[in-house]
Amino acid sequence: MKHLLSQLLYEAVQTLKSQGDLPADLDVEIGLERTRDRRHGDFASNLAMVLCKPARSKPRDLADRLVAALPDSELVSRVEIAGPGFINFFLGPSACHATIAQVLEQGERYGRSDFGKGKSVQVEFVSANPTGPLHVGHGRGAAYGATVADLLAATGYRVHREYYVNDAGRQMDILATSVYLRYLDLCGEEVTFPANGYKGDYVWDIAASLHREHGDALRHAVAEVFAGVPADEPQGGDRELHIDALIRRCRELLGAERYRETFDLGLNSILHNIRTDLEEFGVHYDDWFSERSLTESGMVERAVQRLEQAGYTYEKNGATWFRSTDFGDEKDRVVVRENGQSTYFASDIAYHMNKLERGYDRVIDVWGADHHGYVPRVKAALQALGDDADRLDVLLVQFAVLYRGGEKVQMSTRSGEFVTLRELRHEVGNDAARFFYVMRKCEQHMDFDLDLAKSQSSDNPVYYIQYAHARIASVLRQMPDKGMQWDAETGTQNLHLLTEAHEDALMVNLSRYPEIVAGAALKHEPHAVAHYLRELANDFHTYYNAHQFLIEDPALRNARLNLIQATRQVIANGLGLLGVSAPDSM
RNA sequence: GCGCCCGUAGCUCAGCUGGAUAGAGUACCGCCCUCCGAAGGCGGGGGUCACAGGUUCGAAUCCUGUCGGGCGCGCCA
């Protein structure tokens, strides 16, 4: 619809150019928007105001000439010039009727587009360290990333969804050590658990399965394990030195093979838990990319070498530094440590290098906002490698703060005191969780009200929208009892009978849906869909209260049934994009 | 100290790449089921768009500064 109107304006501009009213070489961008106020028509253009300078004319005079040059169209009933020089388009009834027909014909496909023209985009999201279950903070990234990916897929992009698994590094060693210490406890050893260890119950579970598998075969006396290990923080020592020494001791005592086994047991069971959680949440991935594989395949080494060859590295204090300040970063970064090990950042450079090498047209990272300081250095690395850093978009998701009974719920991963995503899902349900997470734009701090999400009342926007869908389904279910049936063909022929203001409002909003989806995808803003659905549901509920659908007159009845069927379809499509179900009854 | 994000109704938030009289929900008050689900609808009060400058036909929106809140500034991941 919007596109068609833009075309009309474009032709009018061409006509004025040929008449000499506008410079022939002028580059014109057609501005056309939905109006806020129905009195201003359906669409408005500020073209005359934008072009008044080059045309050396008053905005309203120019608007007059533009309107005179507009080609006729059956969709447009009239055009007005208003205010400082807006050109307002009033659509005719046939435009609305075309929308209904389109929705019913396209069904689930209504709202989809080929905007992306088949370009490929990779979306990486969540990518939480597999050192524990996903918590509610990860939930927002999961819901947001999944919805952005789905929106892009709906608008014609080829989407690849990926989870980056941090299966290497010190945090994983701390997990493995935590598991082993709990295992020793199960063997009957008196273990003083390190301050820096992972204390969650899931560590006990993993230790238990280690114990089931091996019995006491991996047991070593506590005195032996803690031999030569410096004091922990509660004993006046340093928690970092303490845990690092413990990791070394575990490696030595277990041997490389057994240590790796313990490590992998922890990794795999947590990863399995994460995958299940996300699957149940309706969040699917095409690939789980292993950080370890980057090192093992030599990709990290190659990335560092490429930086060296490009001349952006130097040696200092025995370490290799990347001169990221050359690309606007605030300080240079270490890529290879003094001890010869590459840093996490080096892996990340390699990973992003790999992403771009895979040839995606666009790469999107969804990160927690606490990682925002990381963006400049990753982009710097890509530039240094000679890649186009603009192909990478980093979307930062702010934290969600949980409220229960008006109180803030406090969390900390290390101490094991956190609300898991699973607990949240079980408490409020997947639908409410998915919806609430994307209800706010990602850079907005979010207050997640558990009591509201749980409430099955009008306060809860999820139920409000789902209720509209269920109501329509309910109406349709009752037709047989009244000896009626829906005849779409008759409905289509009688759409001209839909003359009520409520019907007009509903039809206009149905026609907006494709624009909403395209805009939400383009700007990575799923919340626009959530807000739109709220409005659409409101239009329907208002209509429902004001008029009857199951009436005697078959012409009007079927026309109205066409309209509410189309509404039901759009609600279902929209909720589907958000990963929320559209139930026929509640 | 430096950097990023955010300040809009009592509360939670929209406000589309600058556009016409700043909008929803919630809370509060008052109405509406012999009628397809009242998990609904209608009406009412409630705002210095944090503050001060600037850009222009026009600023909640863009720029600069100030104040307030969140987060980040490791040879951690």
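With a 6.0 Å cutoff to the six-membered ring centre and a 45° limit on the axis angle, A:Arg471 counts as a cation-pi contact of A:Tyr544. Cation-pi check for A:Arg534 over A:Tyr464 is met; the charged atom lies under 6.0 angstrom from the ring centroid and within 45 degrees of its normal.
Taking side-chain N and O atoms only, A:Thr542 has a distance below 4.0 Å to OP1 or OP2 of B:rC42. At B:rG15, one or more side-chain N or O atoms of A:His527 fall inside 4.0 Å of OP1 or OP2 (strictly under the cut-off). Side-chain N/O atoms of A:Lys331 include one lying less than 4.0 angstrom from OP1 or OP2 on B:rG74. For A:Gln444, no side-chain nitrogen or oxygen approaches OP1 or OP2 of B:rG70 to under 4.0 Å. The side chain of A:Asn538 places an N or O atom within less than 4.0 Å of a non-bridging phosphate oxygen (OP1 or OP2) of B:rG41.
In this structure, A:Tyr374 and A:Trp367 have perpendicular ring planes: the angle between them is above 60°, well past the 30° mark.
Contacts of A:Met439 with the nucleic acid, taken as non-hydrogen atoms under 4.0 Å apart, are absent. Across all strands shown, A:Arg333 has no heavy atoms under 4.0 Å from either base or sugar-phosphate atoms. Residue A:Ala546 is out of contact with every strand shown, counting any heavy-atom pair closer than 4.0 Å. When heavy atoms are screened at a 4.0 angstrom cut-off, A:Asn46 is found touching base atoms of the nucleic acid. Residue contacts for A:Gln398: at a heavy-atom cut-off of 4.0 Å it reaches the sugar-phosphate backbone alone, with no base atom in range.
With B:rC4, B:rU17, B:rC75 as the choices, the nucleotide that has an atom nearest any side-chain atom of A:Lys523 turns out to be B:rU17. Comparing B:rG3, B:rC13, B:rG40 against the side chain of A:Glu330 picks out B:rG3 as the nearest. The listed nucleotides are B:rA14, B:rG40, B:rA77; the one nearest the side chain of A:His541 is B:rG40. Picking from B:rG74, B:rC36, B:rA77 the nucleotide with the shortest atom distance to the side chain of A:Tyr544 gives B:rC36. When the nucleotides B:rA14, B:rC76, B:rU17 are ranked by their closest atom to the side chain of A:Glu33, B:rU17 comes out on top. Ranking B:rC36, B:rG40, B:rA20 by closeness to the A:Gln548 side chain, first place goes to B:rC36.
B:rA38 and B:rC42: their P atoms are spaced 14 Å apart (whole Å). Taking atom C1' in both B:rA59 and B:rC73, one finds a spacing of 34 Å when rounded to whole Å. Spacing of P atoms, B:rG65 relative to B:rA20, comes out at 28 Å, to the nearest Å. For B:rG30 and B:rU12, the P atoms lie 26 Å apart once the distance is rounded to whole Å. Across B:rG15 and B:rC57, the matching C1' atoms stand 22 Å from one another, rounded to whole Å. Rounded to whole Å, the separation between the P atoms of B:rU8 and B:rU61 comes to 13 Å. One P atom belongs to B:rC6, the other to B:rU17, and the distance between them is 14 Å to the nearest Å. For the P atom pair drawn from B:rC13 and B:rC4, the interatomic distance equals 23 Å after rounding to whole Å.
Side-chain atoms of A:His531 stay outside donor-acceptor range of the base of B:rG15, with no qualifying N/O pair under 3.5 Å. The base of B:rA77 lies outside donor-acceptor range of the side chain of A:Asp167, with no N or O pair under 3.5 Å. With hydrogens and angles ignored, a donor-acceptor pair closer than 3.5 Å exists between the side chain of A:Asn545 and the base of B:rG40.
Pairing of B:rC28, defined by two Watson-Crick or G-U wobble distances under 3.5 Å, is identified with B:rG44. Base pairing of B:rA60: no nucleotide in any strand meets the Watson-Crick or G-U wobble criterion (both distances under 3.5 Å). A 3.5 Å limit on both hydrogen-bonding distances identifies B:rC67 as the Watson-Crick or G-U partner of B:rG7. Both distances falling under 3.5 Å, in either a Watson-Crick or a G-U wobble arrangement, occur for no nucleotide opposite B:rU55.
Here A:His40 counts as stacked on B:rA20: its ring centre is under 5.5 angstrom from the base ring centre and the planes meet at under 30°. In this structure, A:Phe549 counts as stacked on the base of B:rC36 under the 5.5 Å centre distance and 30° plane angle limits. Per the stacking criterion (ring centres < 5.5 Å, plane angle < 30°), A:Phe86 does not stack onto the base of B:rG19.
A:Tyr351 and A:Glu162 are linked by a side-chain donor-acceptor pair at a separation below 3.5 angstrom, with hydrogens and angles left out of the test.
Atom NE2 of A:His469 is separated from atom P of B:rC36 by 21 Å (rounded to the nearest Å). As rounded to whole Å, 12 Å separates atom P of B:rA77 from atom CZ of A:Arg377. Atom pair A:Arg170:CZ and B:rC75:C1' shows a separation of 12 Å (rounding to whole Å applied).
Scanning for ring-ring contact (aromatic ring centres under 6.0 Å, His included) contacts around A:Phe327 gives A:Tyr312, with sequence neighbours left out.
Residues A:Met49 and A:Arg337 both approach RNA chain B. Their nearest nucleotides, taken by heavy-atom distance, put A:Met49 toward the 5′ side. Position along RNA chain B of the nearest nucleotide to A:Phe399 versus A:Val334 favours A:Phe399 as the more 5'-ward residue.
Nucleotide B:rC6 is shown with an anti base, its glycosidic torsion being more than 90° from 0.
Side chain of A:Tyr532 to main chain of A:His527: no donor-acceptor pair is present (N/O by atom type, distance under 3.5 Å, no hydrogens or angles). Using modelled atom types, no side-chain atom of A:Asp173 and backbone atom of A:Ile247 make a donor-acceptor pair closer than 3.5 Å.
For the salt bridge (charged side-chain N to carboxylate O under 4.0 Å, His left out) with A:Asp393, the qualifying choice from A:Lys379, A:Lys523, A:Arg362 is A:Arg362, the only one to do so.
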